[in-house]
Amino acid sequence: MDYLRIEGKRSLFGEVAISGAKNAALPLIAATILSKKPTKIENLPDVRDIKTLLKLLDNLGASFTMENPHEAFIDTSTIDQTIAKYDLVRTMRASILVLGPLLARFGHCEVSLPGGCAIGQRPIDLHLKALELMGADITIKRGYVITEAPKGLRGATIIFDKITVTGTENILMAAALAKGKTTIINAAKEPEVVQLCEVLQQGGVQIEGIGSDEIVVTGTNGELLDLDRFSIIPDRIEAGTYLCAGAITNSKIKVTNLEPSHLESITAKLMQMGFPLDIEKDAITIHPATSISPVEIVTSEYPGFPTDMQAQFMALAMMANGTSIIEERLFENRFMHVSELRRFGAKIELRGRIATIIGPTQLYGADVMATDLRASSALVLAGLAAQGTTNVHRIYHLDRGYERLERKLKQLGAAIERLEE
Ligand code: EPZ
């Protein structure tokens, strides 16, 4: 198993380019199931979750070729299986994204029920209730969600009790081939959801309300889509993580190939903390702060502050001059990084969903263990700011969603290397 060794307290400098967004690429790869012809996807991030989903499609009978790690040519016309097996789904919850498109195209499918994970229980009840409203019969047997819609799916009005990103995406893909209109109320507004809508629209589906909390989809009544080629949007969470790397080392770095409008809640917090930012069309330069102010953060759905940046800002808050407060509203257990951050010397009190971070702290390098993707990046950030050597173990979590993290940080001047246990 690999681990990362970091020698901390080095200033960073230079530029880093952001990869395509994992959480945009996953639903778009699943959407190729709806396509009548092979689809080319560009700007894919070279990360493990993408390989896992491509492997799942391959198991279903689809074929794909890759000219390089960032471009896939996917042909789903050869799919002859509609079972997404436990072996793959258990390694990646987002595999549930094949449920909507498989059901829409084939009228039946079985997807292993994703379990809870390190950040919470993460049920999929809202996906299933919505599909039932669209005419699906759903049973859960032997750990699989078994769905049938022998007469095809029909449009319905779906009111999500909670805003769900992959739930909205699954229903968008199901509605794309359904008969009639589907209205999704309380839909997710994340840029990744917007890109999925745009690609479905280019493929021939009529969609109104893109980017709003009420989306109306007029399905094609079973006709497959004309998906051709598209390029994945930049990863706003990867971009936010590198901005935090600049901030936690109080360095000047330029983060390029991003979409600043997707990062507004993140850049607002960095500015409140005292970090001057130069925001350009597709790049942001962060400058050192003269004094780092504490911050108050409440995670929420887009355009609010993303839960996927909560751990990184907790690492950064350890450097602030005063007490910061972070409330996690989306996932009940997304504080696994707190005990690991304490190993660096952090003073963090935890009460329910609220963490109080008392800064500034002199951090000392430590052996720490990654627990989930974003928690892992917070440990790397703490390692960059800590005095001495940090070893971050179990970095397979990082490899799921950050492309060549150690190479990109090295390029920025960090002393970081990947080693084998
Ligand atoms: C997506 O997960 C992202 N994953 C997550 O990114 C992200 O943290 C999350 O959205 C929130 O922004 C992908 O896009 C692949 P939700 P998702 O359904 O869709 C509850 C990362 O690090 N809920 O929006 O699974 C749920 O428990 C990851 O890249 C139900 O109760 O999240 C949570 O409290 C991790 N029933 C809330 O809704 C349901 O049926 C929001 O979850 C569905 C969700």
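Start at 1 and go down the list; that is how both ligands and their atoms are numbered.
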Check your understanding: Any idea which of Asp161, Val165, Leu26 brings a heavy atom closest to atom 24 (O) of ligand 1?
Key -> Val165
**Study point:** Whether Ile163 lies under 4.0 Å from ligand 1, heavy atom
**Key:** yes
Check your understanding: Is any side-chain N of the basic residue among Glu238 and Lys22 closer than 4.0 Å to the acidic one's carboxylate O?
Key -> no
Exercise for review: May I ask you to check whether Thr166 has an N/O atom sitting below 3.5 Å from an N/O atom of ligand 1?
Suggested key: yes
Check your understanding: At what distance, to the nearest 0.5 angstrom, does CZ of Arg122 lie from CD of Glu332?
Key -> 10.0 Å
Point to revise | Residue, atom name and distance, where the atom is the protein heavy atom closest to atom 5 (C) of ligand 1 | key: Asp308 OD2, 3.8 Å
Study note, to complete from the structure: ligand 1 atoms nearer than 4.0 angstrom to some heavy atom of Ile124 are 39 (C), 40 (O)
Review point. Atom 32 (O) of ligand 1: which protein heavy atom is closest, and how many Å away?
Key: Phe331 CZ, 3.8 Å
Review point. Quick one: does Asp226's side chain have a donor or acceptor within less than 3.5 Å of a partner on Gly203's backbone?
Key: no
Review point. Has Pro306 got any heavy atom lying under 4.0 angstrom from an atom of ligand 1?
Key: no
**Study point:** Shortest heavy-atom approach to atom 34 (O) of ligand 1 - which of Leu126, Asp372, Leu330
**Key:** Leu330
**Study point:** Distance filter under 4.0 Å to Thr307 heavy atoms, resulting ligand 1 atoms
**Key:** 8 (O), 11 (C), 12 (O)
Practice item. May I ask you to check if ligand 1 and Thr164 share an N or O to N or O distance below 3.5 Å? Key: yes
Practice item. Could you tell me which atoms of ligand 1, counted from 1 in the order shown, lie closer than 4.0 angstrom to a heavy atom of His127? Key: 40 (O)
Study note, to complete from the structure: Of Gly167, Ala94, Pro123, the one whose closest heavy atom lies nearest atom 43 (C) of ligand 1 is Pro123
Exercise for review: Starting at OG1 of Thr76, measure out to CD1 of Ile29 and round the result to the nearest 0.5 Å.
Suggested key: 12.5 Å
Check your understanding: Asp125 to ligand 1: N or O pair under 3.5 Å?
Key -> yes
**Study point:** Charged N-O contact under 4.0 Å between Arg418 and Asp399
**Key:** yes
Check your understanding: So, Gln310 and His337: side-chain donor and acceptor under 3.5 Å apart, yes or no?
Key -> yes
Review point. Which ligand 1 atoms, with their elements, are less than 4.0 angstrom from a heavy-atom of Leu373?
Key: 22 (O), 29 (O)
Revision key, fill the gap. With sequence neighbours left out, the residues meeting side-chain contact (heavy atoms from CB on, under 4.5 Å) with Ile297 are Lys269, Val295, Phe305, Phe313, Ile326
Review point. Closer than 4.0 angstrom: is that true for some heavy atom of Lys22 and an atom of ligand 1?
Key: yes
Revision key, fill the gap. Ligand 1 atoms nearer than 4.0 angstrom to some heavy atom of Arg334 are 8 (O), 22 (O), 35 (C)
Check your understanding: Is the shortest N/O to N/O distance between Arg122 and ligand 1 below 3.5 Å?
Key -> yes
Point to revise | Pairing of Glu327 and Arg329 as salt bridge, 4.0 angstrom limit | key: yes
Review point. Tell me, which protein residue and heavy-atom name are nearest atom 15 (C) of ligand 1, and how many Å apart are they?
Key: Asn23 OD1, 3.4 Å
Check your understanding: Does the Glu421 side chain pair with the main chain of Tyr3, one donor and one acceptor, at a distance under 3.5 Å?
Key -> no
Practice item. Would you please test Glu406 and Lys408 for salt bridge (Lys or Arg N to Asp or Glu O under 4.0 Å) and show each step? Key: CA-CA 5 Å; Glu406 74 278 9; Lys408 289 190 182 186; over 6 Å; no
Study note, to complete from the structure: Nearest heavy atom to atom 38 (O) of ligand 1, choosing from Glu238, Arg400, Lys162, Met309, belongs to Lys162
Exercise for review: Output yes when Glu259 and Arg236 qualify as a salt bridge under the 4.0 Å nitrogen-oxygen rule, no when they do not.
Suggested key: no
Practice item. Would you please say whether a donor-acceptor pair under 3.5 Å links the side chains of Glu214 and Ser212? Key: no
Check your understanding: Any idea which protein heavy atom is nearest atom 29 (O) of ligand 1, and the distance to it?
Key -> Arg374 NH2, 2.8 Å
